[in-house]
Amino acid sequence: MIAAAANHNFARLFDFDGRTPRELFLPFAHAVTGGVALGIVLLALPMMGTFSSAPGGGSGGNVRLIVVGLLLLVFAANFLLAAATVRRLHDVGRSGWWFGAVPASVGLTFLSFLVAAQGFGANLGIALAMRLVASLLFLAAPAQLFLLRLRGDAGTNRYGPPFVREEPALADGPGYQVERVDARIAALLAERAAKKPQLSRPVAAPGFGRRRPPASTDS
């Protein structure tokens with residue numbers, strides 16, 4: 001299932017239209033988030049060593065590299081999951097703008113720190129307002145996680161019909177699909193039965209199985 005989900009989502013990496021069922025989204029999303037979590041752990045190990053080192057050892061460059069690595073991991077995860085998440089939201093009848101709430105929250109939080117670093121006064125007020133908006137946008141994260149795990153709409157919604165995965169054709173028959181195997185087997189059995197020679201009814205030999213004529217009573 002993971003291979004099928006990866007093939008589906010990588011083939012539609014830049015396709016924000018249409019729908020993707022949860023059976024093809026969740027394995028791919030779990031694999032991406034698992035890879036990001038593993039990358040964060042690998043980056044956290046040298047970070048712990050950096051902070052435990054003595055001050056003045058020139059560890060500032062290492063910290064910057066680790067922060068850049070974390071930002072790249074987050075960017076890669078959003079890049080891989082963007083189109084797939086939008087299509088999954090379409091599958092449950094929701095707008096793809098739900099996906100933009102969490103990245104916007106993270107971006108506003110980062111910008112608020114940059115604005116606050118410029119000094120107090122008006123900059124501080126702007127930074128606080130940005131953090132308030134970012135907090136409100138971040139509340140969309142739990143709702144988005146709930147929507148992504150819902151079963152998709154059974155019929156056609158405003159984003160199109162449900163996605164139907166095509167089954168591979170059988171190698172020994174033109175145009176036969178996997179779901180038609182039983183019908184094909186039945187057709188082959190019927191064809192074989194029609195070609196099988198029918199045994200004719202055996203003809204009894206003369207006198208075999210027949211009554212003997214009664215014996216003559218003439219003296």
Is Val92 reachable from Phe25 through a run of I, L, V, M, F, W or Y residues, each pair having side-chain heavy atoms under 4.5 Å apart?
yes
List the steps and the verdict of side chain to side chain contact (heavy atoms under 4.5 Å, CB included) for Asn78 and Phe99.
CA-CA 9 Å; Asn78 282 277; Phe99 172 73; 3.7 Å; yes
Taking atom CG of Leu81 and atom CG of Leu13, what is their separation to the nearest 0.5 Å?
9.5 Å
Take atom CZ of Arg158 as the centre, draw a 6.0 Å sphere, and report whether it contains more than 12 heavy atoms from other residues, nucleotides or ligands.
yes
I'd like to know if Leu24 and Ile2 are part of one continuous hydrophobic network [Ile/Leu/Val/Met/Phe/Trp/Tyr, side-chain heavy atoms within less than 4.5 Å].
no
CZ/Phe16: more than 12 non-hydrogen atoms of other groups inside 6.0 Å
yes
Quick one: does Arg87's side chain get under 4.5 Å of Asp15's, heavy atoms only?
yes
Is it true that, when you exclude Leu150 itself, more than 12 heavy atoms of the residues, nucleotides or ligands shown sit nearer than 6.0 Å to its CG?
yes
Pro162 versus Asp153, closest heavy-atom pair with distance
CB-O, 4.3 Å
Hey, any chance Val41 and Val74 share a hydrophobic cluster, counting ILVMFWY side chains that come within less than 4.5 Å of each other, even indirectly?
no
How far does OG of Ser105 sit from CE of Met130, to the nearest 0.5 angstrom?
11.0 Å
For Phe163 and Arg12: C-alpha separation, side-chain torsions, deciding distance, then whether side chain to side chain contact (heavy atoms under 4.5 Å, CB included) applies.
CA-CA 13 Å; Phe163 177 81; Arg12 305 180 65 186; 4.0 Å; yes
Hey, what's the ring geometry for His90 with Tyr159, parallel, tilted or perpendicular (30° and 60° as the breaks)?
parallel
Would you call Leu89 and Trp97 a side-chain contact if the rule is heavy atoms closer than 4.5 Å?
no
Minimum heavy-atom distance Ala134-Leu108, with the two atoms named:
CB-CB, 3.8 Å
Using the rule that two of Ile, Leu, Val, Met, Phe, Trp, Tyr join whenever any of their side-chain heavy atoms come within less than 4.5 Å, decide whether Val36 and Leu145 are in one cluster.
no
Between Thr156 and Arg19, what is the shortest heavy-atom contact and its length?
CA-NH1, 4.0 Å
Please report the shortest heavy-atom distance between Arg88 and Thr20, naming the atom on each side.
NE-O, 3.0 Å
Smallest separation among heavy atoms of Thr85 and Leu148, with atom names
CG2-CD2, 3.8 Å
Please evaluate residues Arg151 and Arg22 with respect to the criterion side chain to side chain contact (heavy atoms under 4.5 Å, CB included), reporting the C-alpha separation (whole Å), side-chain torsions for both, the decisive distance (0.1 Å), and the verdict.
CA-CA 7 Å; Arg151 184 179 297 277; Arg22 65 179 179 180; 2.9 Å; yes
